[in-house]
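Here's the structure we're looking at; comments come further down.
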Amino acid sequence: MELKASEDIEAPQEQVFAALSDFDMIERQALRRGVDIMRTGDGPGVGMAWRAKFTFRGKKREAEVRLVSFDTPERMVFHSVSGGLEMELEIDVVALSRNRTRINIVTVMHPKTLSARLLVQSLKLAKGGVEKRFRRKMAELATGLETRLRGAA
């Protein structure tokens, strides 16, 4: 299953990429949302990794996340494994002009076990709602990022 979203931000590409790759801030946000997260790999850059514990659909889950591609200021690719579900998250940061940047996010899920297939199948059945929530969260991320970058300037 694949989810895609794009948002434009009024900020230079380098600033947007720097904010998206501020892993310390992202870790703090995850902790505030109840995710137990621990950095396990070297960084910053390729090889960074995290181990996360969280609750999803009423069950305790664990995930291993690894940064597999880090091309400043254009692209980051993460690979994660949680149970029998493997995911790829691609973040592309594209300069549209000196002060306007587009963020493209693509998430691809690959189920490897029966329970993961059932999870992905249930997401596919509710794909319209899942895509709408995904795009809404992406819009919230872009708005917050734009506000934060405007305040930093």
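When a residue number appears, it is its place in the shown sequence, counting from 1. What you see is a predicted model; the values in this text were computed from it and never measured. Just the heavy atoms: all of them, side chains too, but no hydrogens, waters or symmetry mates, feed the values below.
- Using a cutoff of 4.0 Å between basic side-chain nitrogens and carboxylate oxygens, Glu7 and Arg102 are not scored as salt-bridged.
- Here the side chain of Thr101 pairs a donor or acceptor atom with the backbone of Gln13 at under 3.5 angstrom.
- No side-chain donor-acceptor contact under 3.5 Å links Thr143 to the backbone of Glu140.
- In this structure, the side chains of Val108 and His110 come closer than 4.5 Å at one or more pairs of heavy atoms.
- Side-chain heavy atoms closer than 4.5 Å link hydrophobic residues (I, L, V, M, F, W, Y) into clusters, and following such links, even through other members, never connects Leu118 to Val120.
- Contact record, Leu149 with Gln15: CD2-O, 3.9 Å, taken as the closest heavy-atom pair.
- Between Phe54 and Ile37 the shortest side-chain heavy-atom distance does not fall below 4.5 Å.
- With rounding to the nearest 0.5 Å, the separation of CG in Leu89 from CE in Met109 is 10.5 Å.
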| task | Check the pair Glu88, Val77 against side chain to side chain contact (heavy atoms under 4.5 Å, CB included), reporting the backbone distance first and the verdict last. | result | CA-CA 7 Å; Glu88 291 284 332; Val77 178; 3.4 Å; yes

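- At a threshold of 4.0 Å, the pair Arg39-Glu27 counts as salt-bridged, since one of the basic side-chain nitrogens sits closer than that to a carboxylate oxygen.
- Taking every heavy atom of both residues into account, Ala11 and Val16 meet most closely at CB-CG2, 3.8 Å.
- With rounding to the nearest 0.5 Å, the separation of CG in Asp71 from CD1 in Ile91 is 12.5 Å.
- Note: Ser122 OG to Met1 CE = 9.0 Å, rounded to the nearest 0.5 Å.
- Contact check for Ile105 versus Met138: side-chain heavy atoms found under the 4.5 Å cut-off.
- For the pair Val35 and Lys53, the minimum side-chain heavy-atom distance is 4.5 Å or more.
- Atoms CG and CG, on Leu96 and Asp8 in that order, are 5.0 Å from each other to the nearest 0.5 Å.
- Around NZ of Lys127, the count of heavy atoms belonging to other residues, nucleotides or ligands within 6.0 Å exceeds 12.
- Taking the ring centroids of Phe70 and Phe17, they lie under the 6.0 Å cut-off.
- Using a cutoff of 4.0 Å between basic side-chain nitrogens and carboxylate oxygens, Glu2 and Lys4 are scored as salt-bridged.
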Could you give me the CA-CA distance, side-chain angles and deciding distance for Arg51 and Glu62, then say whether salt bridge (Lys or Arg N to Asp or Glu O under 4.0 Å) is met?
CA-CA 7 Å; Arg51 182 171 293 123; Glu62 288 188 27; 5.3 Å; no

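- Between Leu119 and Phe56 there is a side-chain heavy-atom pair separated by less than 4.5 Å.
- Here the OG atom belonging to Ser21 is positioned 7.5 Å from the CD1 atom belonging to Ile26, to the nearest 0.5 angstrom.
- Smallest separation of non-hydrogen atoms from Arg66 and Gly47: NH1-O, 3.2 Å.
- Put simply, the side chain of Ser82 never gets that close to the backbone of Leu85: no donor and acceptor are under 3.5 Å apart.
- Note: the hydrophobic cluster containing Trp50 also contains Val46 (ILVMFWY, side chain heavy atoms under 4.5 Å, direct or indirect links).
- Of the inter-residue distances, the one linking Thr107 atom OG1 with Leu3 atom CG reads 6.0 Å to the nearest 0.5 angstrom.
- Side chains of His79 and Glu86 form a contact here, defined as non-hydrogen atoms less than 4.5 Å apart.
- Here the side chains of Met48 and Phe23 are in contact, with some heavy-atom distance below 4.5 Å.
- Residues Phe78 and Val81 do not share a hydrophobic cluster, clusters being chains of Ile/Leu/Val/Met/Phe/Trp/Tyr side chains in contact below 4.5 Å.
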Using the side chain to side chain contact (heavy atoms under 4.5 Å, CB included) rule, take Arg75 and Asp92 through it: C-alpha gap first, then chi angles, then the decisive distance, then the call.
CA-CA 5 Å; Arg75 183 176 174 85; Asp92 289 309; 2.7 Å; yes

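- Among all heavy-atom pairs drawn from Leu67 and Gly45, the shortest one is CD2-O, 3.3 Å.
- Put simply, the side chain of Ser80 does not reach to within 4.5 Å of the side chain of Glu64, judged on heavy atoms.
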